[in-house]
Amino acid sequence: LGPTVCVGEILVEIVATTVGNGFMEAQPLVGPFASGAPAIFISQCGRLGGSAAMIGAVGADDFGRVNLERLKGDGVDISAISIDPDYPTGSAFVRYRKDGSRDFVYNIATSAAARFGWSEGVSNLIGRAGHLHVMGSALSVPSACEVIDKAVDIVKARGGTLSVDPNIRKELKLDEATEQRFAQLVAKADLLLPSGEELERAAGVEGETSAIRRLFEIGVKEIVLKRGADGATYYSREGERVDAPAFIVSEIDPTGAGDCFGGAYLTCRRLGMSATDALIYAAAAGARNVTVVGPMEGAGTREQLDAFIAATERRS
Ligand code: ATP
């Protein structure tokens, strides 16, 4: 089986250490942390010992090196990450508000993260990929769409599999072409990993049961619905349902929980675990990651997740 490949944005994240609104006053910050939802996902795959590789781009700067070193250290194949000589690594400044919502200042659209395309390195990697993971957020980047379209077709034609994390807020309006592309991507997904209302967004119908039914009708094979501190639920096309209660932790930084959860779930399944066992590791990966500041600083190795599972209670 070829590696799990993830396509999309690679960023650094810089986090305000005080809670409040926005960035208008000087305040202590921490970071840069390696980030970008697809990078978090693949880091977790690599840390768990899965064969993992990333397609994306960084600038020729320290923020880029932070990411390359981090992913390489996690065992991720970085041969298809390009280094853009002209544009800086993407960045996101994040500050949490009192109610848990977040204010962001992004530099993605004019960064290396939005400028990668099909290359020899990408072609070599996709030619041997066993699984592709795509986030809906990547569809807002035209050059990423081109890579995703080609990669999905090649991987699926070779008998490989596709997972999709919609990663699109319900209220976000996409233009018609992107909306269509998103719907086509969802229909090709072997595994869909929506969070909360993204389930209905991906299905195009209201109500959890109707949305699940609709998604199986259009071709999705497995769905794992993420519900934050309320846990997650697995549904299979054959009618199986497994509820995965969350571990009880105190949340310090929620960013990246869904990506660590998804990366762990997929890797465990690809390593041969049942859905029930994979969900335990996934819930542990998501919960462990929210206990640490930084979007992927809490991603765990197999040993770390085993220790976490042994030491942590779950909700009933
Ligand atoms: P994000 O977009 O922030 O990466 P998400 O919305 O995609 O996250 P969540 O549902 O927040 O995904 O988290 C994924 C999983 O991680 C949950 O199903 C749960 O198992 C675990 N998790 C997340 N937050 C917590 C928490 N506060 N306590 C325990 N487990 C959590």
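Atoms within each ligand, like the ligands themselves, are counted from 1 in listed order. For the single chain, residues carry numbers from 1 onward in sequence order.
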| Pair H131-S163, side-chain hydrogen bond (donor to acceptor under 3.5 Å, both in side chains): steps then yes or no | CA-CA 8 Å; H131 182 92; S163 52; 2.7 Å; yes

| message | Quick one, C268 with L48, criterion side chain to side chain contact (heavy atoms under 4.5 Å, CB included). Give me CA distance, side-chain angles, the key distance, then yes/no. | response | CA-CA 8 Å; C268 290; L48 261 182; 4.1 Å; yes

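A search for salt bridge (Lys or Arg N to Asp or Glu O under 4.0 Å) contacts involving R241 returns D243, not counting sequence neighbours.
Side-chain atoms of E208 and Y235 include a donor-acceptor pair closer than 3.5 Å.
Every protein residue with a heavy atom nearer than 4.0 Å to ligand 1 is included here: S195, K226, R227, G228, A229, G231, A232, A246, F247, V249, E251, P254, G256, A257, G258, D259, F261, A283, G286, A287, V290.
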Which donor-acceptor pairs under 3.5 Å do the side chains of residues 145-153 make with protein atoms, sequence neighbours left out?
residue: D149; atom: OD1; partner: R181; partner atom: NE; Å: 3.4
residue: D149; atom: OD2; partner: R181; partner atom: NE; Å: 3.1
residue: D149; atom: OD2; partner: R181; partner atom: NH2; Å: 2.7

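Residue pairs meeting the ring pair (Phe, Tyr, Trp, His ring centres under 6.0 Å) criterion with at least one member in residues 287-316, sequence neighbours excluded: F247-F308.
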